[in-house]
Every structure is written in structure tokens, then in C-alpha cells.
There are 2 protein chains.
Amino acid sequence: MRPNQINIIYKGDCAKRLAEETRFPKNSIDLIITSPPYADRRKTTYGGIHGDKYVEWFLPISKELYRILKTNGSFVMNIKENVEGGERQTYVLELILSLKEQGWLWTEEYCWYKKNCHPGKWINRFRDSWERCLHFTKNKRFKMYQDSVKVPIGDWSKRRFKSMTNKDFVRTISGTKSKFGRNVSNWLNKRKVYPHNVLDFENEHYIEPTTMVHFATACSNRNHSAAFPLELPSWFMKLFTRKGDIILDPFMGIGTTGMAAVLLERNYMGIEISGEYVREARNNIKKVKRFRKTKLH
Amino acid sequence: MRPNQINIIYKGDCAKRLAEETRFPKNSIDLIITSPPYADRRKTTYGGIHGDKYVEWFLPISKELYRILKTNGSFVMNIKENVEGGERQTYVLELILSLKEQGWLWTEEYCWYKKNCHPGKWINRFRDSWERCLHFTKNKRFKMYQDSVKVPIGDWSKRRFKSMTNKDFVRTISGTKSKFGRNVSNWLNKRKVYPHNVLDFENEHYIEPTTMVHFATACSNRNHSAAFPLELPSWFMKLFTRKGDIILDPFMGIGTTGMAAVLLERNYMGIEISGEYVREARNNIKKVKRFRKTKLH
DNA sequence: AGCTCTTATGAATCATTGA
DNA sequence: GTCAATGATTCATAAGAGC
């Protein structure tokens with residue numbers, strides 16, 4: 001069965017919304033990707049779930065997610081435990097163990113390496129520049145389209161570098177965009193390889209650059225910062241779905257997942273408890289749709 | 001109390017060795033850094049501890065480690081759970097929870113991003129290119145010398161050196177006659193910033209390049225590859241200890257921790273169960289000592 | 001000595017085969 | 001069936017040979 005409506009955002013508490021079986025029939029979603037509220041964050045909307053209560057709060061939601069996900073689908077959760085009392089909290093670890101008891105397979109943990117992380121200075125730690133992207137599935141075999149996220153081959157193609165003189169180095173450093181850059185990028189495009197499980201979006205261009213640039217200029221929303229950037233859901237969508245598949249984000253926020261889905265010609269479904277976020281998400285997605293029509297076709 | 005001997009490697013099972021109180025008095029070690037055998041690895045030496053038994057096996061060891069670590073010391077464990085039956089194993093998660101019950105504070109989880117990870121291609125996952133470096137302490141306040149691991153920053157420098165191996169880097173600067181060499185010296189004196197909690201040794205050079213290069217040429221051991229490269233223990237040593245401090249590796253292997261300690265003028269202690277590894281570790285450390293005398297002084 | 005090119009090999013994982 | 005051993009797959013680095 002298919003959901004009775006797709007490409008829609010429902011306002012409400014996702015535990016309740018997900019239980020509506022005509023809207024969310026079993027085995028109907030190809031990919032669930034979300035960044036749930038972290039413990040003690042988003043206090044206004046979700047009442048600031050404490051770390052001690054986090055697993056208890058999440059399990060009814062993940063039970064519904066398990067029901068509605070296709071047997072060959074994937075569930076990707078972007079999360080990072082915050083620090084409390086000088087220690088990393090343990091609720092993410094406990095959540096992984098509990099999800100396994102619920103029937104989920106903990107297939108992989110991707111590392112999202114974000115170099116431009118939040119600023120700050122503490123005496124007992126450095127800035128946190130990575131987050132977990134937990135990959136759960138219902139079965140050992142699931143849909144995975146690895147070719148769609150291939151990246152240019154690594155820099156060991158520096159045989160190219162070695163043939164260069166010191167002059168070339170200096171010119172590269174001083175000159176902004178010399179022919180050096182173009183040559184190398186040409187060379188690199190000759191061969192593509194599979195990526196690994198650290199997502200480093202600053203170095204690699206997983207979204208087609210032209211699409212990305214056009215889009216960035218077309219819809220720039222500085223008012224609110226997304227929980228995750230467009231690249232993150234886009235990467236997993238390309239990896240685990242094909243065009244026309246249905247992708248769900250039960251904590252839709254300002255609609256980043258929906259925007260990525262539209263750009264990649266997938267169908268989205270979203271749930272969001274905050275009315276303000278719902279409005280903004282709908283608006284953002286509308287902008288993306290308009291952009292796709294005008295610029296890409 | 002101080003250990004009755006330092007700069008020594010004991011052969012034996014570390015659970016038993018650590019209990020010898022004259023050799024390992026309580027509150028006597030400044031930093032414990034180790035990469036314990038991963039589950040089902042190193043079968044010949046450690047009997048291949050299975051994931052199900054891993055926590056049970058490790059807890060008696062960590063109990064002794066807690067006893068001998070100074071109250072302001074740190075315990076850094078490099079580990080990564082492997083895949084079994086298509087899923088990531090959970091023994092590392094369980095170990096973290098159990099260590100907390102034992103009294104340890106789980107202060108931080110650093111991510112070691114290793115780009116030269118094992119090759120391979122599978123239908124359900126990509127290559128694993130990161131490992132956990134779990135940071136445990138006995139107290140909220142502990143010794144941390146953040147300034148000692150600051151990294152040079154520069155708009156061009158990072159981009160420039162990203163694609164160079166240490167060897168290239170060293171070779172390049174050693175030709176100081178060139179203009180490029182002078183540029184590099186400038187780079188070394190540039191403004192420095194604090195790193196973050198992703199260790200990315202390809203991009204940053206945490207060991208002084210000259211030391212690094214001289215050493216690489218002086219002692220190259222092909223026979224055995226270290227579990228972790230010299231940079232990893234070096235980085236944590238600089239961060240959590242000062243010259244003259246005592247550093248313990250209860251799973252010494254071929255002595256990488258000891259080599260780093262000698263290079264950084266710290267004292268080391270090690271335990272290793274394999275006689276062959278003990279010999280090689282002693283030999284490696286001897287080489288480093290000789291190197292330090294001849295090349296650096 | 002310095003550069004180019006070749007070759008070997010990693011804390012891996014999965015499917016298949018054989019006991 | 002269950003478990004163990006083997007082969008296939010793959011990318012980046014470093015050592016070694018040759019000029």
C-alpha cells in the first residue's frame with residue numbers, strides 16, 4: 001500500500017501522526033532520514049527531553065518507523081550526544097542497543113565530519129566537529145545504489161604533482177586560480193571511486209556543482225539554520241533511493257529533507273510539531289520546486 | 001609513589017602484570033594510551049576474544065588501570081568494533097557503559113579519520129575509515145595542555161598540503177634553497193589555532209616535520225605494521241602530558257607508544273604478552289633512542 | 001641524489017565452499 | 001544445519017628498482 005498522500009508535511013507529534021495507518025501504511029517508505037531533537041535541545045517544541053528519558057521517548061516512534069519502512073528500506077538517524085557535567089551523555093549508545101532489541105539491525109555508523117563546526121573554547125575538550133549518522137535496516141539485504149555517490153579518485157594522483165617544478169608550487173600559492181587547478185581537476189575526473197564511511201562534504205562534491213550553486217543563490221535562507229545541510233540528506237537519498245521513491249523525515253524542521261528530495265526527484269513526507277517550522281518548510285520546498293521548474297527544465 | 005622501574009616493557013598478561021603494586025603503584029601514571037586487541041583479532045596472542053565476552057574480559061584490566069592512573073590523568077583507548085553478520089558489533093558501546101559503572105568518566109570520544117583504510121567492496125557498506133579514540137578520566141578536572149597541539153592555520157596552507165604525504169612534505173622542506181622551502185618555514189611560524197575532536201593527520205602535521213622526517217628515514221620497520229601510527233599516541237601525549245611524565249600502554253604491541261614517548265621526552269611503561277612483539281618493541285625503542293642522540297643533540 | 005615507475009600490502013567484509 | 005576456511009573485491013601508501 002502507498003500512503004494516501006505524498007509530498008506533504010503533517011503538523012503534529014510524530015508518535016501520534018505516524019500511527020495513522022492510511023497516511024502511513026506499513027512497508028510503504030523507502031528511506032527514513034532525520035535528525036531528531038537532541039536531548040535537552042529544542043525545549044520549546046519537544047519539552048526538552050532529558051538524556052535519562054530519551055530512549056523511553058524515542059522507542060514508540062521508532063516502533064512506528066519500523067512498521068512503515070519497506071523491508072528493503074533504510075533508516076538513517078543523524079545525532080550526537082551532548083556534554084553534560086563534563087561527560088558525553090550515553091543516551092545515544094543506549095538507544096542503539098534498544099533499537100536492536102526492537103528488531104532494527106545496526107548496519108553501520110557513518111561519521112559526518114563538519115569542519116566548520118560551532119565555535120567555542122573549553123578547558124577539558126576541543127570543539128566537536130563530528131556527528132553520528134546511524135544506519136539501521138530491517139534486513140541484511142537492502143537497497144543500496146553505491147554508484148550514485150562515487151567520488152573522484154584520491155590525491156595520490158600526485159604523480160602529477162611530482163612532475164611539477166617549485167615554480168609551479170609557488171605560482172599555485174600566489175596566483176588564485178591558475179591553470180594548475182584546472183589541469184588537476186581534469187585529471188581527477190578521469191576516474192571515480194567509492195567513498196568511505198566518513199562524510200566530508202567540504203572536500204567532495206556529492207551534489208552536482210551546477211545544481212548546488214544555482215540553488216544556493218536561488219533560495220538562500222539565512223533566517224534559520226538547518227539542523228543539517230542539504231548535502232547530508234542528499235547523500236543518503238542518492239545512496240539508498242531512486243527517483244520516485246518515498247522519503248520520510250519525522251522531524252522535518254524547516255524542510256531540508258523535503259528540499260533535497262525535490263531536487264533529487266524523490267517524493268517526501270514530513271512531520272513537524274512546530275507550526276512555525278511547518279510554514280517555513282512548506283515555503284522552502286515551494287521555492288525549490290519553483291527553482292527546479294525555471295532553472296533545470 | 002613512583003613505579004620502581006620506568007622505561008621498561010614487561011612481558012605478560014596485562015591483567016596480572018598491572019596488579020603488581022610495586023611495579024604499578026596507585027595514582028602513579030599520567031597517561032594510559034592503548035589500542036587493545038579488537039574482538040576476534042590477534043587470535044594467536046590473545047585467543048581471539050569474542051564480542052560477547054569482550055566487556056567481561058576488559059573490566060578487570062580497566063579496574064587496575066583506574067587504580068594506577070593519577071587523579072588528574074587520562075585514559076585514551078583506540079578501538080573500533082568490526083562487522084559481524086552484516087551489523088556493527090555492540091561491544092564497544094557496552095564497554096563504555098560498563099566503564100562508567102566502574103567509576104570512569106566518559107569525557108570525550110575523538111574520531112580518528114584514517115584515509116588509507118583497508119580496501120574492499122561490499123554490497124551493504126563502504127570502507128571503514130574511522131576509529132574511536134575514547135577519552136576517559138577519573139575526575140572532571142584533569143591535565144590538558146591544549147596549546148601543545150595547536151595547528152598552524154592559513155588559507156592556502158591547508159589546501160596546499162592536503163594532498164601531500166609526510167614524506168613529500170619533508171622532502172620539500174629539506175630543499176630549503178627553494179622559494180617554496182622558505183614559504184614552508186613561514187607556514188610553520190604562522191598563527192596557530194586549536195584543533196577539534198577529529199584527528200585528521202593527513203591535513204595537519206602534529207609532530208615537528210623535521211623530527212618526523214629524520215625519524216622516518218632512520219627507523220623504518222617493515223616487518224610489522226603498527227596498530228596505530230606514531231602520530232596518534234604522540235598527539236594525545238602532547239595534549240595530556242608534559243616532558244618527564246609517565247605513560248603506560250598495557251597492550252604495547254611493537255612499541256609505538258614507547259617510541260612516541262621517547263621522541264617527546266616522556267617516560268614509558270609497557271606490557272605485552274607476545275614475546276616476539278616485546279623483542280621488536282624493545283628494538284624499535286632502542287632505535288629511536290639512538291636516533292634522538294645522534295640526530296637531535 | 002633525485003625522480004619515475006612498479007609492486008606489495010594493510011586491525012576488512014561477504015559469498016562460497018568444504019567439513 | 002553450523003562453523004571454519006578461502007577467494008574476490010578495492011584504494012592509498014610506502015618501499016624498492018631503475019635511470
Side-chain angles (χ1 to χ4, degrees), chain A residues 105 107-108 139-142 144 146-147 150-166 168 188 190-198 203-204, chain B residues 34-46 48-51 54 77-89 91-92 112-133 162-172 174-175 177-178 200-203 212-213 215-232 251 253-254 256 274 277:
Chain A
L105 303 184
T107 298
E108 180 58 305
N139 289 290
K140 287 185 187 178
R141 301 299 288 265
F142 49 88
M144 192 176 195
Q146 301 190 351
D147 287 341
K150 274 187 157 182
V151 293
I153 198 165
D155 292 329
W156 53 271
S157 52
K158 59 185 174 300
R159 266 187 262 273
R160 176 73 182 78
F161 286 110
K162 282 181 184 165
S163 63
M164 297 176 68
T165 62
N166 279 339
D168 288 314
L188 288 177
K190 280 186 181 169
R191 205 175 132 201
K192 288 193 162 191
V193 298
Y194 295 104
H196 40 61
N197 64 356
V198 173
N203 282 351
E204 324 290 358
Chain B
T34 194
S35 190
Y38 300 1
D40 293 324
R41 306 285 171 197
R42 286 185 71 175
K43 284 195 183 160
T44 51
T45 48
Y46 284 97
I49 307 108
H50 191 270
Y54 198 88
M77 178 166 35
N78 162 233
I79 197 165
K80 181 66 182 263
E81 64 277 7
N82 50 313
V83 172
E84 189 176 276
E87 280 186 281
R88 286 275 159 209
Q89 291 191 269
Y91 67 89
V92 176
W112 173 28
Y113 180 16
K114 32 178 226 174
K115 288 180 184 148
N116 58 338
C117 55
H118 202 90
K121 167 86 171 68
W122 310 278
I123 58 166
N124 56 351
R125 66 187 62 253
F126 291 130
R127 300 190 297 148
D128 190 9
S129 64
W130 66 287
E131 298 195 4
R132 309 178 192 280
C133 292
K162 200 178 67 180
S163 55
M164 295 180 75
T165 63
N166 276 331
K167 209 173 178 183
D168 289 324
F169 179 71
V170 170
R171 193 189 303 152
T172 315
S174 55
K177 286 170 282 184
S178 70
D200 186 355
F201 297 116
E202 265 185 60
N203 284 351
M212 195 62 191
V213 173
F215 172 73
T217 52
C219 352
S220 68
N221 43 314
R222 283 171 269 149
N223 298 339
H224 295 264
S225 66
F228 43 61
L230 215 48
E231 283 100 333
L232 193 73
F251 301 94
I254 60 165
T256 315
S274 150
Y277 280 171

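First the proteins, then the strands, lettered A, B, ... as listed; each starts at 1. Atoms considered below: every heavy atom in the structure, side chains included; atoms not considered: hydrogens, waters and symmetry mates.
- By the 4.5 Å heavy-atom criterion applied to side chains, I123(B) and M144(A) are not counted as neighbours.
- Side-chain atoms of R141(A) lie closest to dA15(C) of the nucleotides dA15(C), dT10(D), dT13(C).
- Residues passing the side-chain hydrogen bond (donor to acceptor under 3.5 Å, both in side chains) test with N78(B) are S35(B), Y38(B), E131(B), sequence neighbours excluded.
- Under the ring-ring contact (aromatic ring centres under 6.0 Å, His included) criterion, Y91(B) pairs with Y54(B), not counting sequence neighbours.
- In this structure, the side-chain hydrogen bond (donor to acceptor under 3.5 Å, both in side chains) partners of K121(B), at least two apart in sequence or on a different chain, are Q146(A).
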Enumerate all atom pairs, one protein N or O and one N or O from nucleotides 17-19 of chain C, separated by less than 3.5 Å.
none

Subject >> Which nucleotides of DNA chain D pair, in dot-bracket form (Watson-Crick or G-U under 3.5 Å, | meaning another strand) >> reply: .||||||||.|||||||||

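- Residue order along DNA chain C, read from the 5' end via each residue's closest nucleotide, puts C117(B) first among G86(B) and C117(B).
- Among dT13(C), dT13(D), dG10(C), the nucleotide with an atom closest to any side-chain atom of H118(B) is dG10(C).
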**OP:** Applying salt bridge (Lys or Arg N to Asp or Glu O under 4.0 Å), run through D147(A) and K192(A) and close with a yes or a no.
**Re:** CA-CA 9 Å; D147(A) 287 341; K192(A) 288 193 162 191; over 6 Å; no

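- Here dA12(D) is the nucleotide among dT9(D), dA12(D), dT13(C) with the atom lying nearest to any side-chain atom of I153(A).
- A heavy-atom distance below 4.0 Å to DNA chain C is reached by these residues of residues 123-133 of chain B, ordered by number: I123(B), N124(B), R125(B).
- Contacts of R125(B) classified as side-chain hydrogen bond (donor to acceptor under 3.5 Å, both in side chains), with partners at least two apart in sequence or in another chain: none.
- Of the candidates dT13(C), dT10(D), dT13(D), the closest approach to any side-chain atom of P119(B) belongs to dT10(D).
- If you check dT9(D), dA11(C), dC11(D) against the side chain of Y194(A), the one that comes closest is dC11(D).
- Under the rule for a side chain to side chain contact (heavy atoms under 4.5 Å, CB included), the partners of N197(A) that lie at least two apart in sequence or sit in another chain are E108(A), Y110(A), K80(B), R88(B), D128(B), S129(B), W130(B).
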